[in-house]
Chemist: 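There's a structure below that I have some questions on.
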Amino acid sequence: KQEVTQIPAALSVPEGENLVLNCSFTDSAIYNLQWFRQDPGKGLTSLLLIQSSQREQTSGRLNASLDKSSGRSTLYIAASQPGDSATYLCAVSLGTRSQGNLIFGKGTKLSVKP
Amino acid sequence: EAGVVQSPRYKIIEKKQPVAFWCNPISGHNTLYWYLQNLGQGPELLIRYENEEAVDDSQLPKDRFSAERLKGVDSTLKIQPAELGDSAVYLCASSKLLGGTDTQYFGPGTRLTVL
């Protein structure tokens, strides 16, 4: 059974710092991996999607990497800002008939202090 | 382009009462998902539709939960009767391509409180 783990559960950093969020998954047979952002009381916003054949994706100050063989992904946020404060969720899409069904981690709650 | 619309945003009911949630996906999106999110947890899939067909409902507690997606557009998720443990946020998401090869777009969710 696929399990997704995110470390740390919470992180507090001063504004301007670069930071890394970690995600690991137990079964490397994934179709893709997505990083989402969730603000309190809101739905999820997709940040980056990495196909299983890709190594990384970039969008603005965000860079996500994928190492499928080791079951790991990282989300790198450069020059963090208070507006980046949110919960970041990692999810893998299964590479089976259930392709498309996302298995989520519990998230990392990020707080960026001005 | 309008996003995924869900209603109501909040619902408070007594246990054993029925409740229904509605979702309108992004126009043109063939695949629709219902997720359950408990506090401090990631979302968990309840059911996935491709057009009007439920292609994966293995995680849906069928004794009390039901869902439908008439005409392959809007969807309704129902709980009858509700239990205390059903208190959670119910999220709807949609994606354009069949087989889930692309990004899922989420609605704001319905927060259910069962008293």
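Proteins come first, then strands; the chains are lettered A, B, ... in the order of their sequence lines, and each starts at number 1.
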Chemist: Let's go through Trp22(B) and Ser75(B) carefully: what are the C-alpha distance in whole Å and the side-chain angles of both, what is the deciding distance for side-chain hydrogen bond (donor to acceptor under 3.5 Å, both in side chains) to 0.1 Å, and is it a yes or a no?
Modeler: CA-CA 6 Å; Trp22(B) 175 80; Ser75(B) 177; over 6 Å; no

Chemist: When only pairs under 4.5 Å are counted, which of Pro43(B), Cys92(B), Gly107(B) shares the most heavy-atom pairs with chain A?
Modeler: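 The answer is Pro43(B).
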
Chemist: By a 4.5 Å heavy-atom criterion (distance strictly below it), what part of Gln6(A) contacts chain B: side chain, backbone, both, or neither?
Modeler: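 Nothing of Gln6(A), per the 4.5 Å heavy-atom cut-off to chain B.
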
Chemist: Taking side chain as everything from C-beta outward and backbone as N, CA, C, O, which of these in Leu89(A) sits under 4.5 Å from a heavy atom of chain B? Side chain, backbone, both or neither.
Modeler: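 Side chain of Leu89(A) only, per the 4.5 Å heavy-atom cut-off to chain B.
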
Chemist: Testing Phe21(B), Phe106(B), Tyr35(B) one by one against Tyr90(B) for a ring-ring contact (aromatic ring centres under 6.0 Å, His included), which residue passes?
Modeler: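 The option that passes is Phe21(B).
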
Chemist: Measure distances from Gln6(B) to the heavy atoms of chain A and classify the residue's part below 4.5 Å as side chain, backbone, both or neither.
Modeler: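 Contact with chain A is absent: no heavy atom of Gln6(B) under 4.5 Å.
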
Chemist: Between Arg69(B) and Asp74(B), does any NZ, NE, NH1 or NH2 come within less than 4.0 Å of an OD or OE carboxylate oxygen?
Modeler: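 A salt bridge is absent here (no side-chain N lies under 4.0 Å from a carboxylate O).
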
Chemist: Could you tell me whether Arg64(B) and Asp86(B) make a salt bridge, using a distance below 4.0 angstrom between a side-chain N and a carboxylate O?
Modeler: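 Salt bridge between Arg64(B) and Asp86(B), a charged N being under 4.0 Å from a carboxylate O: yes.
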
